[in-house]
Number of protein chains: 2
Amino acid sequence: MSYIRYHWGPSHTMAATPAPSADSPEGATPAFSPLYQQIKGLILQSLQAGEWKPGEAIPSEMDLAARFRVSQGTVRKAIDELAAENLVVRRQGKGTFVATHAEQHVRYRFLKLVPDTGEAGPAQRSILECRRQRASAEVARALQLRTGDSVVQVRRVLSFSGVPTILEDMWLPGNPFKGLTAEQLDAHQGPTYALFELEFGVRMVRAEEKIRAVAADAQQATLLAMPEGAPLLSVERLSYTYNDVPMELRRGLYRTDTHHYRNELN
Amino acid sequence: MSYIRYHWGPSHTMAATPAPSADSPEGATPAFSPLYQQIKGLILQSLQAGEWKPGEAIPSEMDLAARFRVSQGTVRKAIDELAAENLVVRRQGKGTFVATHAEQHVRYRFLKLVPDTGEAGPAQRSILECRRQRASAEVARALQLRTGDSVVQVRRVLSFSGVPTILEDMWLPGNPFKGLTAEQLDAHQGPTYALFELEFGVRMVRAEEKIRAVAADAQQATLLAMPEGAPLLSVERLSYTYNDVPMELRRGLYRTDTHHYRNELN
DNA sequence: CAGTGGTCTAGACCACCAA
DNA sequence: TGGTGGTCTAGACCACTGC
């Protein structure tokens, strides 16, 4: 087989090549990407399209190599990056699987609050509210909607060993989350993000958090059994699905008298 | 050349193989590592030993391959991991360089506090204190010293646009940081961790942070120009050099009325 | 132009898993 | 035993940097 200059794109029989992103028509910067990046993009498309569901195995490296007409090593490097981004999990001897918030060994991947001493126990959830409403300007901006668009708001309290520790408000775009109810949230076991995958086909892939120290107002203090004015950790999280599409805005208030937010710097 | 079963270790002429970690003498779990991991370990040793200084180039992949008697691809994979851990920086066409907190494009790698609006400006530092003392039980435990061992304590305030924003206490083990003075800290430009590299040969490689919301006491409030009892972000950081040796305990109090702690979740 | 890191291939073999 | 991911090699060529 003739060698393919990797800046040319997948060429030959590869169907529907997805264009290498926004390019100035005849711009000075070609901005082509290496073959393995293009392969990564194609696999990513299949993931988004739901060709393989969360928890399922994707085709073997050899199969993908045949499908894309490249060597196994090239597919391998593409999958390496997907694995590094936690979109996919490799299991030696078994295969490569679509990552999921459900079966994952590291459950509650996005919750960085840990007890000062001992192991993290299970959380008791109590849903205070779950209703559709119109997006405020702030929520609309974060979720890339228009002010007044339909959103679902959920408010809940998480307790550990019976102690209320987290007060959370979540805002979800109304369209993908049509039909979300408090009962559903109540009944479901495990991470909320696993419910989103199963019931609504929405996989959260990454998130950004803005953290502040704030003083508890009267209502917050009551719900968390703290004195009014007590310092709380405010964690504002914006979660994204594939393609950097924001899908959830969450504002958590954490008690940090018995727990702390743990972060690792590299 | 005969093929080397990579579970045998570097074998042939490689001098002073560093032993593949603690092994039960005839234990059931061999726990050998692949060749590229062993190479990574050897490169790591040279980094620790200071064979190449921060900012300098390490030998080319071909040179290292020759030195260790392995293929370029194997060296490459070793360096890939070192680069992923920010111990080393690759520059196409130029070489691979020992990472440094000084020349690095991402200065203040460990400081995650950013202004709510606009770009992060330069910080004004004011050293309040710098003295040798005996380690308290808590400090000793964190730095793996004995209670009463010599430590250096530094207290300082960082201001942005003239507004005091961060109040920090740092504790450093007395031995490696012999001779650290307030004048030195005052005179130095750029990240403090760059000073540690240049003057004391200590490179901070990673860190862990525990974050809490606390109420400002009288003294803290004064230093940060806030009312007493105002909520502040408490950031307790333990920084490590090579080999997971803790080298600095730092406790920062951040004002979060105009700034926030930014974190990315994957 | 030579030297460096970056990409790609083809092929061999190893380690792990399930049937 | 066959299939999957994981390691290792050897060699070719590309892209970027600096002389």
Side-chain angles (χ1 to χ4, degrees), chain A residues 1-12 14 20 28-41 43 52 56-84 88-98, chain B residues 1-12 14 20 28-41 43 52 56-84 88-98:
Chain A
M1 181 195 295
S2 63
Y3 184 77
I4 303 138
R5 286 190 46 198
Y6 60 77
H7 274 214
W8 284 3
S11 80
H12 22 192
M14 217 178 295
T29 55
F32 287 101
S33 53
L35 233 197
Y36 77 88
Q37 287 284 4
Q38 301 175 36
I39 302 300
K40 180 186 171 187
I43 297 175
W52 317 297
E56 285 182 13
I58 71 173
S60 75
E61 296 179 352
M62 289 303 259
D63 287 353
L64 289 171
R67 168 157 155 188
F68 297 131
R69 310 287 199 98
V70 297
S71 77
Q72 191 219 14
T74 300
V75 169
R76 190 165 181 73
K77 186 147 189 189
I79 295 181
D80 276 345
E81 294 209 347
L82 294 172
V88 118
V89 176
R90 319 185 82 136
R91 278 192 255 268
Q92 182 172 143
K94 300 180 72 175
T96 302
F97 299 79
V98 183
Chain B
M1 181 195 297
S2 63
Y3 184 77
I4 303 138
R5 286 190 48 198
Y6 58 76
H7 274 218
W8 284 4
S11 78
H12 22 192
M14 214 178 294
T29 55
F32 287 100
S33 54
L35 233 196
Y36 77 88
Q37 287 284 4
Q38 301 174 36
I39 303 300
K40 180 185 171 189
I43 297 176
W52 316 297
E56 285 182 14
I58 71 173
S60 75
E61 296 178 353
M62 288 304 258
D63 286 354
L64 289 171
R67 167 157 155 189
F68 297 130
R69 310 286 200 96
V70 297
S71 77
Q72 191 219 14
T74 300
V75 169
R76 191 167 180 72
K77 186 146 190 191
I79 295 181
D80 276 345
E81 293 209 347
L82 294 172
V88 118
V89 176
R90 320 184 82 134
R91 278 193 255 265
Q92 182 171 146
K94 301 179 72 176
T96 302
F97 299 79
V98 183

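Heavy atoms only: backbone and side chains are in, while hydrogens, waters and symmetry mates are out. Every chain is numbered from 1 and lettered A, B, ... according to where its sequence line falls, protein lines coming before strand lines. Note that the structure is a prediction, hence the values are computed from the model and not measured.
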[X], nearest nucleotide to its side chain (from [options]):
X: Ser71(B); options: dC8(D), dA10(C), dG5(D); value: dC8(D)
X: Leu35(B); options: dC8(D), dC8(C), dT9(C); value: dC8(D)
X: Thr74(B); options: dT9(D), dC8(C), dG5(C); value: dT9(D)

Tabulated below should be each protein N or O lying under 3.5 Å from an N or O of nucleotides 1-4 of chain C; please produce it.
unit_1: dG3(C); atom_1: N2; unit_2: Gly93(B); atom_2: O; d: 3.0
unit_1: dT4(C); atom_1: O2; unit_2: Gly93(B); atom_2: N; d: 3.4

Rounded to whole angstrom units, what separation is found between the [atom1] atom of [X] and the [atom2] atom of [N]?
X: Phe97(B); N: dC16(D); atom1: CZ; atom2: C1'; answer: 13 Å
X: Arg90(B); N: dA15(D); atom1: CZ; atom2: P; answer: 18 Å
X: Ile58(A); N: dT4(D); atom1: CD1; atom2: P; answer: 12 Å
X: Lys77(A); N: dC8(C); atom1: NZ; atom2: P; answer: 8 Å
X: Phe68(B); N: dT9(D); atom1: CZ; atom2: C1'; answer: 18 Å
X: Glu81(A); N: dG6(C); atom1: CD; atom2: P; answer: 12 Å
X: Gln38(A); N: dC14(D); atom1: CD; atom2: P; answer: 16 Å
X: Leu64(B); N: dT9(D); atom1: CG; atom2: P; answer: 14 Å

According to a strict under-4.0 Å criterion, is Arg76(B) in side-chain N/O contact with OP1 or OP2 of dG5(C)? no
Can you name the closest pair of heavy atoms from Glu56(B) and Trp52(B) and give their distance? OE1-CA, 3.8 Å
Derivation of the side chain to side chain contact (heavy atoms under 4.5 Å, CB included) call for Ile43(B) and Val88(B): CA-CA 11 Å; Ile43(B) 297 176; Val88(B) 118; 6.0 Å; no
Keeping Gln38(A) on the side-chain end and Ser33(A) on the backbone end, is there a donor-acceptor pair under 3.5 Å? yes
Between CD on residue Gln37(A) and CG on residue Leu35(A), distance to nearest 0.5 Å: 10.5 Å
Roughly how far, to the nearest 0.5 Å, is CD1 of Ile79(B) from CD of Gln72(B)? 9.0 Å
Side chain to side chain donor-acceptor pair (under 3.5 Å) partners of Arg90(B), counting only residues at least two apart: Glu61(B), Asp80(B)
Residue closer to the 5' end of DNA chain C, Gln72(A) versus Gln37(A) (nearest nucleotide): Gln37(A)
5' priority, DNA chain C, between Tyr36(A) and Ile79(B) [closest heavy atom]: Ile79(B)
Are Thr96(A) and Leu82(A) side-chain neighbours, meaning at least one heavy-atom pair lies under 4.5 Å? no
